[in-house]
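Working notes for the structure below.
Numbering of ligands and ligand atoms starts at 1, following listing order.
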Amino acid sequence: MVKVDIIGDIHGCYEEFSLLTKQMGYTWDRIPIHPDGRKLAFVGDLTDRGPNSIKVIEVVTELVKRELAFYAPGNHCNKLYRFFLGNPVQQKHGLETTVAEFNELKPIRQEHIKESFIQLYEESSLYHILDHENLVITHAGILEKDIGKKNKHIETFVLYGDITGQILESGRPERRDWAVNYQGKPMIVYGHTPVLEPRVMNNTYNIDTGVVFGNKLTAFRYPEKKFMFQKAISMPYDPTRFS
Ligand SMILES: [Mn+2]
């Protein structure tokens, strides 16, 4: 059986990620390795807003390349991917911090980061079905009927959630709460919407506890169903970001 530690949205909070893995018994030799062969999994949104997005990219790309981790892309990953391809994207909502870090790198390192991230993104599944279909890892969620399928609509859903197309007064997109209606058998572990504590609902687990908004980084250990936390140390607390 797969034993996996699923990490919520990191958003460049490398130090918290490092401390959280150490808490779980990983030892670091450039990348975190678990003595019992446990794997890591990432629900996406590795970069943006936090202080060390580039280092997070380096570690995650290396882990995935060595088959020590699963990675599901998030909406911020999608935007960074499009930036690296040279497509016109607006440098806001945090992308500007990742681009600023990137611009400080030597050209040879820029090339390496860019190529490895493009490869990571292009080779990653939209979401991961693990443990004989008992576990699904996705960035923003998935509907039961879509598990095992892939199309443009599902891609939008796993990256952005169940968006209505409306924009709220806060300027953020309106999202329907798909988890309240989820009746599927597979456990869904996801992130995307910052919450102060992990939100458990109908066998769905939102583990984006907004480390980049000064709360904490969460890991969900499977199959133990145990949460581990690392308090934010690199970013100030912003209570307006939590639902
Ligand atoms: Mn997201």
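For a distance bound of 2.8 Å, the N, O or S atoms of His76 include none lying that close to the Mn ion (ligand 1). At least one N/O/S atom of Asn75, from backbone or side chain, sits under 2.8 Å from the Mn ion (ligand 1). Not one N, O or S atom of Asp208 sits under 2.8 Å from the Mn ion (ligand 1).
Vertex the Mn ion (ligand 1); arms to Asp45 OD2 and His192 ND1; angle rounded to 10 degrees, 170°.
For an aromatic pair to be called close, the ring centres must be under 6.0 Å apart, and Phe17 with Phe42 satisfies this. Here the two rings, on Phe102 and Phe84, have centers that are under 6.0 Å apart.
Remark: side-chain polar atoms of Asp9 are not paired, donor with acceptor, to backbone N or O of His11 under 3.5 angstrom.
Annotation: Gln90, atom CD; neighbour count of heavy atoms from other residues, nucleotides and ligands within 6.0 Å does not exceed 12.
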